[in-house]
Amino acid sequence: MLTTVATYWGNRLPRPEGGACVVVEALHQDIRVIMRNLVVANAIRCVVPSHLVVVTGTDEQWSETLWQDFDVEHVRSLAGAFGASDVLNVHELAGSCGPSDVLTVHGLAGAAGVPGVFGALGPAGGHAGGAARLRPAGSGDAPARRPVPPIDPGLLRRFVDATMCRLNLVPRLPPAAAADPAYLARHARGAAFSAFYDALFDAVTPVAFVTSHVDYDQWGLAVESAMRRDVPVVHVQSTGSLKAYTLFPEKRTGQVSYRAELTRQIGDYFERAVWPNRDILRASAELVTWRAKGNLGRPSWWRAGAFAAAELRNEVERDQLRAHALRRLGFGPDRPVVTVFNHAVSDALGTNVEVFDDLARWFEETAEYAAADTAANWVFLDHPSQFRYDSTGFFEQVAERYAGHSHMVFRPSVAISKNMLWSLTDLGVTVRGSVSNELPAFGIPVIQAGWSEWSSCGLSFVAEDRPSYWRLLETSVEKAAKGQPILGEEQRERARLWLWFYRCATDVTSPLVPAWDTGAGNELLRTLFINMSHVESDGDPLFSSVVRMWERRDPFLTRFDLLSPDALASATFPLRSS
C-alpha cells in the first residue's frame, strides 16, 4: 500500500525549490483524517511546488481521553509515502523544551531518500541547550520577515481552557482551576506548542497549513500561529467525499476566530453564487432535501442510526403523529412545542461567536426561561454523543431541577424518533448545531444562540446578543401560540439550497479520497490501492477544484464552477419529466 502511494505521488508532484513548504498536521489517530489532510496538501503542492512537512504526536492526556491506538511510526511511514521531507513530533518537542526555548528539529529522510528541509543542529528530535534555531537545511539563518509578536496571553488562555474542558470532559472549569498544577502544566504545554509553531512557520516559506481541526491546543495554536503570519489555513472536514474550507489572509475581516471569519465568507459567497441561481438549483435542492430525510451522514449525524429517517409525507400524517406524541409526553394539545437541542458541552468552547459564556450556561439559562414560560411545551434533548464530552452528568442535573414542571420534558436524543420529533417541534432552539440548517429545510423555524458555518446564509434566526436571544424566544413562542407563521418561505428555500450546497456543491468526489462511510479498515485501503493503481489523475476533480480555490481565493473547494450559470445548469440534476 505504501509503495503504491509513493509511486502515485512520486510521479506527479513538481520538484520544489527553496524553502517553500506546505505544513500539514497528522495529530489524529484515524487514518481517514490523516490521509485526507495529506491528499489536500499534495494537491496544493501541485499548484505551488513546495516541500511537505508533517507534524504529529500525542501525549498521555489526549491518549487517555480520545485515542485507542495512536502510532507515530505508522504516521511517519504514511507521511513518507506521500512525499514528506520531514515528520516532526510536536508533542515530543514541546515536552522537551520550555516555551522560552528555541527548538531544534532534525530533518528526517522521506521515503525516496529526499533530504529533510531542516538541518540537524542537535540530537535527533531533541534540543541542544536552548541556543539552537529551527531553520531550513543549508539555508543559513531563517529568512528575514516582518517580526511577529508571540500569542496574546488571553488568547492562549482561552485555548488552554477549552482544551482542559475537552480533556476532562467537563462543561466549564472550576473557579480555582488556574492554580491547579494540572492546569499550570497544560498551560505551559500550550505555550510550548505555540512557540514551536511560531518557530516552524518562521523557519520556512509557508505556502499553507492543512489541518483537520482548528480547536484546542495541539491544532488550534498552530492555526493561530499561521494566521498571525498570514499563512492560508485549509480545514479539511471529516465527512462526505472531500470537503475543505480555506481562510486566505487577504480575505480576513478582523473577526474573532477562524470559524467566525469563515461564517461571514460563506454567507457572502452564498449570496453571490447560490441564492441568485435558485431557479437553476431548485430541482437539485429538492432532491437533496428528499434524500436528507433518511440520510445518515452529516449534517444529520446527530440522529445517526436506523431511526433517523423522517417518513412523513404530508401535514395530515404529521398531525396524526403529533397527537400521539403529545399524549405520550404528557403535553396538552393547546400549546406549541419548543425543542431545545443540547450541544456536546465540552466541544470546542469559544471557537465561534456565541452569546453565552459557554454551552452549559446557554442550556441552563434556557431551561430557567422555559420553567417560567408556560405558554409552550418544552422538550430538552441531550446530544447523542454526550458521553464522549461530559463526565459530570450535566444534562441529568439540569433535568432534575425541573422534574416537577409538567410543561418541560428532558430526554436523550435517541429516545425520540425523527418522525416524532419532526411532528412535535414548532420551534427549534440550539447554539450552533446542524439542526439549525436541517429543520428549516422541512419548514420548522430555528433560533440560534451562536454562529455556525451557515449562520450568515439566512436559514435561521441568529441572536446578536443575550437580549435579542430572549426577544426571539418570546416573539416566536407568541406567534406559534397564535398559529402564526414564524419561518418564511424564503428561509425554507435557503435551507434547502444550503443542504444542496453542503452535500453536493462543496463535496468533491475523487478516487483518491474514498467516502468517509467507507470506514478506516481494510475496505478503505483496498479501495485506495485499486484507485491509485488504475485511475489516472487527469480529469480528477480534486486537482481542478484545488486550482480553482487557490486561484480565486475561494473559502472552500467546489465540485464545479458555482460562479458560472452555464456550469451550474449542465452539472445539476435536471427536472424530472411529467
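Computation of the quantities below employed the complete heavy-atom set of this structure, encompassing side-chain atoms and omitting hydrogens, waters and symmetry-equivalent molecules. Bear in mind that the values here come from a model prediction, so they are computed numbers and not experimental data. Throughout, residue positions are numbered sequentially from 1 according to the sequence presented.
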Close side-chain approach of Trp9 and Leu512, heavy atoms under 4.5 Å: yes
Pairs flagged by ring-ring contact (aromatic ring centres under 6.0 Å, His included) wherever residues 28-50 is involved - sequence neighbours left out: His28-Trp67, His28-His213
For Arg552, side chain to side chain contact (heavy atoms under 4.5 Å, CB included) partners two or more places apart: Arg548, Asp554, Asp561, Leu563
Face-on cation placement of Arg259 at Trp451 ring, 6.0 Å and 45° thresholds: no
Salt-bridge contact Arg526-Glu523 (side-chain N to carboxylate O under 4.0 Å): no
Summary of ring-ring contact (aromatic ring centres under 6.0 Å, His included) pairs that have at least one residue in residues 238-261, sequence neighbours excluded: Phe248-Trp550
Test: Asp268 and Lys251 ion pair at under 4.0 Å: no
Aromatic plane relationship, His383 with His343 - under 30° parallel, 30 to 60° tilted, over 60° perpendicular: perpendicular
N-O pairing of Asp357 and Arg172 below 4.0 Å: no
Partner residues of Arg12 under the side chain to side chain donor-acceptor pair (under 3.5 Å) criterion, sequence neighbours left out: Glu536, Ser537
Partner set under side chain to side chain donor-acceptor pair (under 3.5 Å) for Trp275, not counting sequence neighbours: none
Backbone N/O of Asp507 and side chain of Tyr502: donor-acceptor pair under 3.5 Å: no
Arg186 and Asp217 ion-paired at < 4.0 Å: yes
Ionic contact status for Asp30 with Arg36, cut-off 4.0 Å: no
Main-chain N/O of Leu242 paired to Gln237 side chain as donor or acceptor, under 3.5 Å: no
Shortest non-hydrogen contact between Val431 and Gln448, atoms and distance: O-NE2, 3.1 Å
Matching residue for Val54 among Leu88, Asp86, Leu38 - test: side chain to side chain contact (heavy atoms under 4.5 Å, CB included): Leu38
Listed partners of Phe501 passing ring-ring contact (aromatic ring centres under 6.0 Å, His included), at least two apart: Trp498, Phe556
